[in-house]
Amino acid sequence: MAQILLVDADSGFAHMLGAIIEGLGHRVHHAASLREGRALAAAAETDVVYLHVQLPDGSGTTAVESFRSAPGRPEVVLLTDRGDPDTAEEAIRMGVWEYVEKSSPADRIILPLLRALDYRGRRPSRRSTASLKRDDIIGSSRALQKCLDTVSEAAFSDASVLLFGETGAGKEVFARAIHDNSHRAGGPFVAVDCASLTRTLAGSILFGHRKGAFTGAEQNKDGLVLQAHRGTLFLDEVGELPLSMQKLFLRVLQEHRFRPVGGRNEVTSDFRLIAATNRDLEKMVSQGTFRSDLLYRMRTIVMHLPPLRSRTEDITELADHYLQRMCGKYGVPHKSMAPDLQETLRAYAWPGNVRELIHTLERAVLAAQDEPRLFARHLPDHVRISTARAALQQRRTDSTAAAQLSRDEDTASGAPESRPQAPRPCHTCGTLPESYGTPAVQPESTDQDLPHLHDTAGHNTAVPQEKHPLSPDHSPLPPFFTFRDNMFRDYLRELLRRTDNDIAAACAMSGLSRSYLYDLLRRHGLRNGGTTSGS
């Protein structure tokens with residue numbers, strides 16, 4: 001009896017599908033939200049999860065990996081009300097078992113379950129990722145764990161492997177891990193930099209040559225393909241392989257036989273191919289710069305290496321690993337990392353990925369010399385500048401988003417679509433709106449019972465009179481800065497009152513940044529709660 005989890009807010013559909021599955025002899029659990037579904041998946045080992053793409057608390061598509069990493073490593077069948085080719089492609093790349101429309105016939109919806117259970121019952125046990133040789137693969141993030149699962153899968157066969165990843169992401173490191181965990185670990189690992197192969201010498205470098213084949217060929221020489229006999233041939237940056245060589249290499253890959261330059265007889269080489277690239281090979285195929293048949297032959301097993309910025313939780317562990325290696329290389333004492341250094345490393349985008357991280361740490365060690373601790377100031381200027389600019393841009397974005405959210409909430413509640421403004425005195429009586437607390441200036445007038453009207457902004461509009469309490473014939477106007485500060489202080493008091501002293505809410509309502517709001521509160525002698533320092 002298998003454990004099946006249905007994560008779908010449509011209770012009617014879930015009841016219907018659950019009844020069919022229970023009729024097949026399996027146990028069914030139902031969740032109406034991602035949160036509830038994750039809790040159920042974590043509580044017991046689940047075999048198959050039916051996951052809807054849209055749930056009340058988020059997108060099921062983005063939650064696929066969290067369900068696949070739950071205890072039992074369940075297979076995920078993604079459900080959708082209306083199929084979308086782009087979503088289907090994204091789902092398959094994330095490792096879902098199948099992408100199914102809910103409007104399909106019942107047998108079409110149940111078939112992926114039957115196939116997934118058949119697969120789980122017959123699949124061979126793979127080597128645990130914990131027992132893999134992975135000396136230079138550091139980290140424990142979900143993205144990295146997915147790659148290690150592929151390493152474990154690839155190590156059990158001689159199938160060709162194609163690695164995709166940005167420059168510096170560690171493609172050769174993973175290629176060596178596949179080799180070291182396979183039955184070919186005792187054989188050679190031969191790396192070929194396809195970007196350095198010239199059109200004239202590519203054939204000789206790959207396949208070797210015989211004496212006298214061309215000017216300078218004074219003796220027989222084995223090529224890299226033959227050197228990889230009984231081992232692994234790693235083609236790095238295979239997208240740069242000259243088009244003229246791609247056809248020749250296709251036959252070598254199929255037959256494992258080739259003829260050296262200038263040779264009469266063919267030579268056999270028993271090698272396992274692993275290729276890597278940072279380019280879009282399918283796009284190159286459409287442009288006619290890469291052979292489609294070679295691509296199909298190489299991508300039996302495909303691995304997409306995540307960039308370092310997508311697994312920031314691994315950065316501290318990676319940094320510590322390579323930091324100690326650098327200290328040993330230069331003969332300096334062990335160095336610890338200050339919190340500001342770790343924060344900067346996690347905040348940086350790392351366009352050069354792990355390779356850039358290694359060189360950055362090397363520069364920091366050299367800058368620190370004999371200091372026992374590394375701080376952010378030891379990092380190269382471009383790293384610190386980039387993180388500082390990104391932080392400022394993020395604060396601006398957050399402030400803009402908060403102001404827009406406030407405007408949207410005001411609009412939804414029927415309030416005017418504008419952020420709160422500092423109160424302005426009435427043009428007639430000189431007082432502040434009553435909603436902003438005590439008026440900043442009390443007019444001195446003998447006509448205290450003078451009737452007032454109120455306009456829509458909350459200002460007092462006096463009945464026309466010949467003399468105004470603030471006219472030259474009465475008391476003088478207060479000093480401008482005193483009047484302004486009183487207005488600001490009353491506005492801040494009202495802002496804190498309306499938001500119940502919640503600074504985040506006050507920032508959202510006023511459109512002010514947190515630092516500027518704190519500065520205003522301090523400048524006008526206010527504390528949370530709206531009390532002045534002198535009151």
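Taking NZ of Lys221 as the start and CZ of Phe207 as the end, the distance is 14.5 Å to the nearest 0.5 Å. Between Leu163 atom CG and Leu235 atom CG the span is 11.0 Å, to the nearest 0.5 Å. Here CD1 of Ile358 is found 9.5 Å from OG1 of Thr360. Values are rounded to the nearest 0.5 Å. For the atom pair Arg299 CZ and Leu294 CG, the distance stands at 11.0 Å (nearest 0.5 Å).
Put simply, the side chain of Phe164 reaches to within 4.5 Å of the side chain of Thr277, judged on heavy atoms.
The nearest pair of heavy atoms linking Ala41 to Pro71 is O-CD, 3.7 Å. Of all the heavy atoms in Ser310 and Pro306, the pair that sits closest is CB-CB, 4.4 Å. Nearest heavy-atom pair, Ala116 versus Val48, reported as atom, atom and distance to 0.1 Å: CB-CG2, 4.0 Å.
Within a 6.0 Å sphere centred on CD of Glu218, other residues, nucleotides and ligands contribute 12 heavy atoms or fewer. Atom CZ of Arg291 has more than 12 neighbouring heavy atoms from other residues, nucleotides or ligands inside a 6.0 Å radius. Crowding of Glu282 atom CD: a count of heavy atoms from other residues, nucleotides or ligands under 6.0 Å not exceeding 12. Other residues, nucleotides and ligands contribute at most 12 non-hydrogen atoms within 6.0 Å of the CZ atom of Arg115. Within a 6.0 Å radius of CD in Gln219, no more than 12 heavy atoms belonging to other residues, nucleotides or ligands are found. In the displayed structure, Arg377 atom CZ is contacted under 6.0 Å by at most 12 heavy atoms of other residues, nucleotides or ligands.
No side-chain donor from either of Glu362 and Tyr322 sits under 3.5 Å from a side-chain acceptor of the other. Between the side chains of Asn278 and Glu166, not a single donor N or O lies within less than 3.5 Å of an accepting N or O. In the model, His256 has no side-chain atom that pairs as donor or acceptor with a side-chain atom of Ser269 under 3.5 Å. Counting only N and O atoms by type, the side chains of Thr344 and Arg384 include no donor and acceptor under 3.5 Å apart. Of the N and O atoms on the side chains of Asp47 and His26, not one donor lies less than 3.5 Å from an acceptor on the other residue.
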Sequence neighbours left out, cut at 3.5 Å: what donor-acceptor pairs do the side chains of residues 83-92 make with other protein atoms?
residue, atom, partner, partner atom, Å
Asp84, OD2, Asp86, N, 3.4
Asp84, OD2, Thr87, N, 2.9
Asp84, OD2, Thr87, OG1, 2.9
Glu89, OE2, Arg93, NE, 3.4
Glu89, OE2, Arg93, NH2, 3.4

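Using a 30° and 60° split on the angle between ring planes, Phe189 and Phe234 fall in the parallel class, below 30°. Ring orientation note: the planes of Tyr119 and Trp97 are tilted relative to one another, at an angle of 30° to 60°.
Put simply, the side chain of Gln342 gets close to the backbone of Met337: a donor and an acceptor are under 3.5 Å apart. Remark: the backbone N or O of Leu308 is paired with a side-chain donor or acceptor of Asn353 at under 3.5 angstrom.
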- Task: Mind running side-chain hydrogen bond (donor to acceptor under 3.5 Å, both in side chains) on His52 and Asp81 for me, showing each step along the way?
- Result: CA-CA 8 Å; His52 196 270; Asp81 295 321; 3.2 Å; yes
- Apply ring pair (Phe, Tyr, Trp, His ring centres under 6.0 Å) to His209 and Phe214, showing your working. CA-CA 9 Å; His209 62 261; Phe214 51 84; 4.9 Å; yes
(request) For side-chain hydrogen bond (donor to acceptor under 3.5 Å, both in side chains), just list the numbers for Thr167 and Arg355, CA-CA rounded to whole Å, side-chain angles, deciding distance to a tenth of an Å, and then say yes or no. (result) CA-CA 8 Å; Thr167 299; Arg355 185 181 302 156; 5.7 Å; no
Please test Arg346 against Thr316 for side-chain hydrogen bond (donor to acceptor under 3.5 Å, both in side chains), starting from the C-alpha separation and ending with a verdict.
CA-CA 8 Å; Arg346 288 193 293 267; Thr316 301; 3.1 Å; yes
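For His321, there are no ring-ring contact (aromatic ring centres under 6.0 Å, His included) partners, not counting sequence neighbours. Among residues two or more places apart in sequence or in another chain, the ring-ring contact (aromatic ring centres under 6.0 Å, His included) test is passed with His378 by none.
Under a 4.0 Å N-O distance rule, the pair Asp149/Arg68 does not qualify as a salt bridge. With respect to Arg184 and Asp158, a salt bridge is recorded, a charged nitrogen being found less than 4.0 Å from a carboxylate O. Under the 4.0 Å criterion applied to side-chain N and carboxylate O atoms, Glu371 and Lys335 are not assigned as salt-bridge partners. The pair Glu313-Arg142 fails the salt-bridge criterion, with no side-chain N (NZ, NE, NH1 or NH2) lying under 4.0 Å from an Asp/Glu carboxylate O.
Checked against Leu305 for a side chain to side chain contact (heavy atoms under 4.5 Å, CB included), the options Arg311, Lys146, Lys171 give a single hit: Lys171.
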